[in-house]
Structures are given as structure tokens and as C-alpha cells.
Number of protein chains: 2
Amino acid sequence: MPEVQGGENLLFLTDEQLRQGIEAMFFAYRGFTADPDRILSGMAYGRAHHRAIHFIARAPGTTVNNLLNILGVTKQSLNRVLRTLVEDGLVDSRVGKNDKRERNLFLTEDGVTLERKLSDAQRARMRAAYRVAGPDAVSGFRQVLEAMMDTDMRRQYYQIRDTSS
Amino acid sequence: MPEVQGGENLLFLTDEQLRQGIEAMFFAYRGFTADPDRILSGMAYGRAHHRAIHFIARAPGTTVNNLLNILGVTKQSLNRVLRTLVEDGLVDSRVGKNDKRERNLFLTEDGVTLERKLSDAQRARMRAAYRVAGPDAVSGFRQVLEAMMDTDMRRQYYQIRDTSS
DNA sequence: CATAATATGTCAGCTTTGTTGACATTCCAA
DNA sequence: TTGGAATGTCAACAAAGCTGACATATTATG
């Protein structure tokens, strides 16, 4: 049990409060992924495909190596997913111009269509939650999430965020 | 539901803002699970075992049926996880007193020890994030997460939360 | 320049954890 | 008391992680 120093500033950090936060995170993440999961379950795809499609849309021309750093999976695991997406004509994999070992990844027209469908659904969920909670809550939400990331992930997050527009 | 109105109050709900929230959720969840994952990777367990242990600790005597509703997986999938935990002496599965079809689940002494180790690690992460973000941010964090849950999950969340102490 | 070391991506096979289907046991209601 | 519903277990399969081996391209070193 954390002997927490005096001062009412820290009173909200009881184990019980922390556990509620942990469980809120668990249940909320289920909601967060529910809509895209539902859309993809009809097709032969899953959450792994969604993640790949999302970040290729976000950074067109990204390499396999870059993508697996962002996703935090092995290249072998990502490769299986990418192969099906390429075979199905959703992703275009082009040999790198400078470095021929690399593959630059792009969404095809069909890929863009699916990406839009998935992100529309996920944004709708996020928008509804934001509206219910209000602007101040959204700010706090973002602050806690950023503080919860590993340092490496936080760097990735900022980098992608700031190169987007 | 806060009546959402026209005007600049909605300006923060741009697609770009929503997308940042989505990606923050993705990267933060990785951090959220990282410490328990690391602890369990040494043993023959994974995230599924952690979830089962967590909710058995939270509601001792819970049934398999109840647990799979909370976890949102099939009973067959949960059963495999529970079997290994029972075999390894971390969970005690007792035939129900009233209804002999049911199994009431409890952590053994070893189970309690592992649960504490896992939740200590996860709470430390959450505590650090809360401290960095501050009390107001924490409140907003919780509000957005609750609004993001599916209705069924929110009910489960409230119920577990309010029966704990 | 030649060749060894490194980096990138692919293929094959294994593990974890999700899924559906079949079934035994127990309970409950007609 | 008997047929249907509920609970949980066993078996087989699918998705998506993982490690290892390898082909190709690049870079560094002799």
C-alpha cells in the first residue's frame, strides 16, 4: 500500500480509484473497437487489418519497417496482414525508389473506401463520447492518455499527429 | 445528454481532433497492458489469464457464466484459461451450493499473490499518469471513457464498481 | 574493388486466444 | 416424469501474435 504523503492533493489516488480507472479503460477499449470489428467481421479481415489500413492512410508511402514500429508487432505478423490486403487490391506495395529493399505502402481506391467506412464508424463513437463528456473532459482524457503511453509510443504519437495535416 | 448546439462550441470536434483521440487511445492502451504483459511473459500466461484473475479477485465466488459476460469472450475460450489456472493452483473452482451446474471461482493464496503483483504494476502506471495529468484531467478521462462504452458494458462497469467496497 | 556485415522484407511453423459445434449434467416447468 | 433450458467441458478450427531461416539490397571494411 503506497504510503502516500500528506496533502489532500493526492487523496484521489486511492487504490480503489485507480482500479476504477483500470476497469474503465478495459471496458471503454471494447467499445472503442466494437464498430470497426463489426464491419470487418463480415469480410475476411480483423482488427490487425484495420490498424494497418489506418496507419497507411495516415502516412501514405510508409515502409513496412516504419509501420511495424508504430504497430508494435513483428514484421512477420504484419507481413501476413499486408499480403492479404495487397492480394485483395486494397493496398499497393511499391519497391522503394532509393532503397530497393524497402516497400512503400499506399491504399488503393478500394482501400481508401474501406478506410473511410471504418474511420467514419470509429469517429462517430468518439464524437458521441466527446459530446456527452464535454470539452473540458476531452482535454483531461487526452492528457491522461498521453501520460499513460510508454515514452517510445508517445514519441510516435506526437510525430504522427504533427505530420498529419 | 448535453444539448449540443451550433456555434463554436463544436469546433473542437473536427475529424482531425477525433482522429488524434483515436490514436491516443490506441497508443495508451499499449502502455496500459505493457507491465502485466511483461510480468506474465515469463510464466506460461498471457493477457487472457490476467483478465480472468483480475475479475475473480474483484468478485470472489463469481460463476463462469458471469465472468464470460464481463470479459466478452465465449465460455469455451474462457474455459481453457480457467483450466490452466485451476491446474496450476491459482484458482479454486467449487461446485455451486444451490445450483450444482455452476462453478464458483476463487483465487487461492498463490492466485492472490500473482494478482497483487499484476495489479500493483498496473496501478503504478495509472497512478503516475494521474499524477502527471492532475485531478481535473482524471475526472474528464473517466467521463469520456464511460461515454465510450457500449450500454451493456457500462452497466457491468457500474455494477462491479459499486459492489466492490 | 571485393567481400563481409547489416538492413529490409518474405516464407514456414509454432503458440495464444479467439471462434463454433457437440455433448454431459443439472434444473425447471408442463 | 419427462422434455426443454441453462451451465459448463471437450474438440477442432481460425486469427494474429511469435521465433527462426533465408533472399535480396545496401553499406562498411579489407
Side-chain angles (χ1 to χ4, degrees), chain A residues 26 29-30 33-34 36-56 61-88 91-106, chain B residues 26 29-30 33-34 36-56 61-88 91-106:
Chain A
F26 171 71
Y29 199 78
R30 295 256 298 279
T33 57
D37 282 357
R38 216 176 345 261
I39 291 170
L40 290 168
S41 71
M43 335 173 56
Y45 297 138
R47 206 175 291 176
H49 300 84
H50 180 201
R51 293 197 283 255
I53 287 171
H54 175 99
F55 285 105
I56 294 173
T62 187
T63 63
V64 172
N65 211 15
N66 187 39
L67 199 51
L68 62 90
N69 280 327
I70 291 170
L71 296 176
V73 298
T74 59
K75 58 185 175 178
Q76 296 89 331
S77 184
L78 176 58
N79 182 59
R80 189 197 303 116
V81 168
L82 285 178
R83 186 172 33 192
T84 67
L85 291 173
V86 168
E87 281 170 2
D88 297 349
V91 167
D92 194 9
S93 170
R94 305 181 202 157
V95 173
K97 268 221 133 85
N98 299 340
D99 190 332
K100 288 178 194 159
R101 292 171 303 180
E102 295 182 341
R103 302 287 179 274
N104 295 112
L105 303 169
F106 302 87
Chain B
F26 171 72
Y29 199 78
R30 295 257 298 280
T33 56
D37 281 357
R38 216 175 347 258
I39 291 170
L40 291 168
S41 71
M43 335 173 57
Y45 297 139
R47 207 175 290 177
H49 300 84
H50 179 200
R51 294 196 282 254
I53 288 171
H54 175 97
F55 285 106
I56 293 173
T62 187
T63 63
V64 172
N65 211 15
N66 187 40
L67 200 51
L68 63 89
N69 280 325
I70 291 171
L71 296 176
V73 298
T74 58
K75 58 186 176 179
Q76 295 91 332
S77 184
L78 176 57
N79 182 59
R80 190 197 301 117
V81 168
L82 285 177
R83 187 170 32 190
T84 67
L85 291 173
V86 169
E87 282 170 0
D88 296 350
V91 167
D92 193 8
S93 170
R94 305 182 201 155
V95 172
K97 267 221 134 87
N98 298 341
D99 190 333
K100 289 179 191 158
R101 292 171 302 180
E102 297 184 339
R103 302 288 179 272
N104 294 113
L105 304 169
F106 301 87

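We use all heavy atoms of the structure for the numbers below, so side chains are in, but hydrogens, waters and symmetry mates are not. The sequence lines fix the lettering, A, B, ..., with proteins before strands; numbering per chain opens at 1.
The phosphate of C:dG9 (OP1 or OP2) has no side-chain N or O of A:N79 nearer than 4.0 angstrom.
Taking atom CG of residue A:L71 and atom P of nucleotide D:dA16, one finds them 13 Å apart after rounding to whole Å. Rounded to whole Å, atom C1' of C:dT6 lies 14 Å from atom CD of A:E102. The distance between atom CZ of B:R30 and atom C1' of D:dG17, rounded to the nearest whole Å, is 13 Å. For the pair A:E87 CD and C:dT10 C1', the interatomic distance rounds to 13 Å; values are reported in whole Å. At whole-Å resolution of the value, CG in B:L105 and P in D:dT7 are 14 Å apart. Whole-Å rounding puts the B:D37 CG to D:dC18 C1' distance at 13 Å. Taking atom CZ of A:R83 as the reference point, atom P of C:dG9 lies 15 Å away to the nearest angstrom. Atom CZ of B:R103 is separated from atom P of D:dT7 by 12 Å (rounded to the nearest Å).
Counting only heavy atoms from C-beta outward, the side chains of B:N104 and B:T62 never approach each other to under 4.5 Å. A:R103 has its side chain out of reach of A:T63: every pair of non-hydrogen atoms, C-beta onward, lies at least 4.5 Å apart. A heavy-atom distance below 4.5 Å is not found between the side chains of A:N66 and A:F55.
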Quiz item: If pairs are Watson-Crick or G-U with both distances under 3.5 Å, what is the dot-bracket string of DNA chain C, marking crossing pairs with [ ] and pairs to another strand with |?
Solution: ||||||||||||||||||||||||||||||
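The two residues B:A48 and B:V81 come nearest to each other via the heavy atoms CB-CG2, 3.8 Å. In plain terms, the two heavy atoms of A:I56 and A:L105 that are nearest each other are CG2-O, 3.8 Å. Minimum interatomic distance between A:S93 and A:V86 (heavy atoms only, all atoms of both residues): CB-CG2, 4.1 Å.
A distance of 9.5 Å separates CZ in A:R51 from OG1 in A:T33, rounded to the nearest 0.5 Å.
Between B:Y29 and A:F26, the gap from one ring centroid to the other reaches at least 6.0 Å.
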Self-check item: B/S/- contact track for nucleotides 17-30 of chain C, protein heavy atom under 4.0 Å
Solution: BBBBB----BS---
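Ring pair A:H50/A:H54 is perpendicular by interplanar angle, where above 60° counts as perpendicular and below 30° as parallel.
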